2 protein chains.
Amino acid sequence: MYQYQYPHPAVTVDCIIFGFDGQNLKVMLVQRKSEPFAKMWALPGAFVNEDESLESCAERVLMKEGNISGVYLEQLFTFGTPSRDPRERVISVAYMGLVKTADFELIAGNDELQIEWRDVEQVGDLAFDHNDILATAIQRIRGKIRYQPIGFELLDSKFTLPQLQQLYEAILGQSLDRRNFRKKLLSMQILKQLSEKQQNVAHKAAFYYEFDRERYEVLMKEGIYLELV
Amino acid sequence: MYQYQYPHPAVTVDCIIFGFDGQNLKVMLVQRKSEPFAKMWALPGAFVNEDESLESCAERVLMKEGNISGVYLEQLFTFGTPSRDPRERVISVAYMGLVKTADFELIAGNDELQIEWRDVEQVGDLAFDHNDILATAIQRIRGKIRYQPIGFELLDSKFTLPQLQQLYEAILGQSLDRRNFRKKLLSMQILKQLSEKQQNVAHKAAFYYEFDRERYEVLMKEGIYLELV
DNA sequence: GTTTCATTGTGTAAAAAATACACTAAATAA
DNA sequence: TTATTTAGTGTATTTTTTACACAATGAAAC
């Protein structure tokens, strides 16, 4: 048992992991095995260990659920309504992660019945206040994708411009003009065109591009403010 | 004593309260009475009570330090490096507040030797990781002031356009063209011009304006994205 | 092997927004 | 009465955003 002079809340990290399947934005959900909210779907999370930073805790969750590391993670918000967990006071620090679903090998943990990628439009009632957390995350990714090149985290390292546009449209929930999208993105000079094209597509093949991280770092150092869409 | 089956961290809320004196951006600092970091300056904060939300805790801190309530508050970030407090594991949820310094009657609390408004450019070494927290807050307010009308929280309800511009210049750290600033702000239609003018100034008196909150709410509902500067 | 289908890739003109810039008006102080 | 300081204003130029249509490509179908 651990003793303290004053009451201490429990602290968890919950992860909103977004993925993209080429069509729609997905979020990783797990089905809880035990109470509270047994059998309900929830965001994956873990209690913070004593000697672990919040970000390490989020990384640990990702490793546990999908055996993956080195992905984009950012702290989203901390949820601390006293009654949000019926067991005891639990404060949850939410982290948002962006991954390539193909890299992820979904593995249900010990406390979980199932794990899956769910379309963000098809998420029903989640355990705890996880619907609120998810809503906050969607708001954040929508706001952020316009001026930070985080979208590339959701695609393979080689991607076509139409694929990138599809991703933007899925996240923003609106369609974009193809010519203007290309013009704007290419004018940023953070994309490298490859000589390689798509193979085995029943229509004109699109060229592949890569995100030019070095070039992006240079722009950031110069204090250039990108507006991507 | 409070007992738990697993280790629980302590959780605090630290507040970055910005004020504006007409010239420069200020931040509220307190001088610590006791160890650790006795006599050093720090951000005001408090441990989170068991039945108190994080935001309520931030409000409690503001009430304690300046007997003020009903001000703009937003959650900034949660700092959780395991070693950030030498006593025990302490996770700190930082809240950023914007206030009119004139409304604030600074009152040093029991644990504090002094309390004061310090120019954000003149802040020396602070206790704990509070310099990092402050840096994060300055970054946030700079990013945010461009597209959300939070600046008004730092001014009296009646203000002149040159005062507003001075505030923007202080926060952004750059000077702005007077004519373009006026044109842009007024085109947003979120300011109401009053018939009243400045009194007792040794130059042409400027008209007072008020922030038009209702009009702003309408714009928000319509999903209008403001770009204020 | 010709046609069909689906999708990629491209440029320009018009509209809107951002920028640069200089003089007169008003209020107190000298 | 004059000097000093700051408020208030408009326009021309540049830049950015928007709207929009057709030829090229590659596999699939016939």
Side-chain angles (χ1 to χ4, degrees), chain A residues 21-24 145-147 155-156 158-170 172 174-210 219 222-229, chain B residues 20-24 145-147 151 155-156 158-170 172 174-210 219 222-229:
Chain A
D21 65 356
Q23 293 294 120
N24 297 300
I145 201 162
R146 288 184 174 277
Y147 60 91
L155 296 172
D156 291 328
K158 289 189 297 189
F159 52 86
T160 69
L161 283 179
Q163 283 166 356
L164 185 61
Q165 183 173 348
Q166 176 70 39
L167 169 64
Y168 269 81
E169 291 179 342
L172 295 174
Q174 64 180 246
S175 57
L176 303 167
D177 180 273
R178 190 149 45 98
R179 275 178 289 194
N180 294 339
F181 181 83
R182 295 177 77 90
K183 202 191 315 178
K184 185 125 190 200
L185 261 289
L186 293 175
S187 75
M188 301 282 109
Q189 301 195 268
I190 53 172
L191 296 182
K192 274 190 293 211
Q193 184 174 356
L194 306 179
S195 53
E196 199 178 343
K197 279 184 184 181
Q198 284 180 315
Q199 299 284 327
N200 299 313
V201 285
H203 54 75
K204 182 170 177 178
F207 277 98
Y208 281 115
Y209 287 80
E210 268 181 0
L219 291 179
E222 288 171 6
I224 307 274
Y225 185 83
L226 298 182
E227 242 189 86
L228 297 167
V229 203
Chain B
F20 181 65
D21 65 356
Q23 293 294 121
N24 296 301
I145 201 163
R146 288 184 174 278
Y147 60 91
L155 296 172
D156 290 328
K158 290 189 297 189
F159 52 85
T160 68
L161 282 179
Q163 283 166 357
L164 184 62
Q165 183 174 346
Q166 177 70 39
L167 169 64
Y168 269 81
E169 291 179 342
L172 296 174
Q174 63 180 247
S175 57
L176 302 167
D177 180 274
R178 191 149 45 98
R179 277 178 288 197
N180 295 337
F181 181 82
R182 294 178 79 91
K183 204 189 315 179
K184 184 125 190 201
L185 262 289
L186 293 175
S187 75
M188 301 281 109
Q189 301 197 267
I190 53 172
L191 296 181
K192 277 190 292 213
Q193 185 175 357
L194 306 179
S195 53
E196 200 179 342
K197 278 184 185 181
Q198 284 180 315
Q199 299 284 325
N200 299 313
V201 286
H203 54 76
K204 181 170 177 179
F207 278 98
Y208 283 114
Y209 287 80
E210 269 181 359
L219 291 178
E222 288 171 6
I224 307 274
Y225 185 84
L226 298 182
E227 243 189 84
L228 296 168
V229 202

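Predicted, not measured: the structure shown is a model, and the values here were computed from it. Below, chain A is the first sequence line, B the second, and so on; all start at residue 1.
- Here dT8(C) presents its C1' atom at 16 Å from CZ of Phe159(A), a figure rounded to the nearest Å.
- Salt bridge absent: Glu210(A) and Lys158(A) never bring a charged side-chain N and a carboxylate O closer than 4.0 Å.
- Listed by residue number, the members of residues 176-189 of chain B with any heavy atom below 4.0 angstrom from DNA chain C are Asp177(B), Arg179(B), Asn180(B), Lys183(B), Lys184(B).
- Inter-residue side-chain proximity for Asp177(B) and Phe181(B) is flagged as unmet; no heavy-atom pair is nearer than 4.5 Å.
- Nucleotide dA6(C) holds its P atom 19 Å from the CG atom of Asn200(A), rounded to whole Å.
- Rounded to an integer number of Å, the gap from CG of Leu194(A) to P of dT8(C) is 17 Å.
- Qualifying side-chain contact (heavy atoms from CB on, under 4.5 Å) partners for Gln163(A), counting only residues two or more places apart in sequence or in other chains: Phe159(A), Thr160(A), Gln198(A).
- The closest side-chain heavy-atom distance from Leu194(A) to Phe207(A) is not below 4.5 Å.
- Summarising the geometry, the separation between CD on Gln174(B) and C1' on dT19(C) is reported as 14 Å, rounded to the nearest angstrom.
- A heavy-atom distance below 4.5 Å is found between the side chains of Gln165(A) and Arg178(A).
- Residues Val229(A) and Lys184(A) come closest through the heavy atom pair O-NZ, 3.9 Å.
- When side chains are defined from C-beta on, Leu164(B) does not count as touching Tyr209(B), because their heavy atoms never get closer than 4.5 Å.
- Nucleotide dT7(C) holds its P atom 18 Å from the CD atom of Gln199(A), rounded to whole Å.
- Mapping Lys204(B) and Glu227(A) onto DNA chain D via the closest heavy atom, the residue that lands nearer the 5' end is Lys204(B).
- If you take CD of Gln198(B) and P of dA27(C), they are 11 Å apart, rounded to a whole angstrom.
- Across Arg182(B) and Pro162(B), no two heavy atoms sit closer than the pair NH1-CD, 4.5 Å.
- Take the nearest nucleotide of DNA chain C for Ala202(A) and for Leu161(A): the residue whose nucleotide is more 5' is Ala202(A).
- Interface limits on DNA chain D: the 5'-most and 3'-most nucleotides within less than 4.0 Å of chain B heavy atoms are dT5(D) to dT11(D).
- We find that NZ of Lys197(A) is positioned 10 Å from C1' of dG9(C), with the value rounded to whole Å.
- A heavy-atom distance below 4.5 Å is not found between the side chains of Leu228(B) and Arg146(B).
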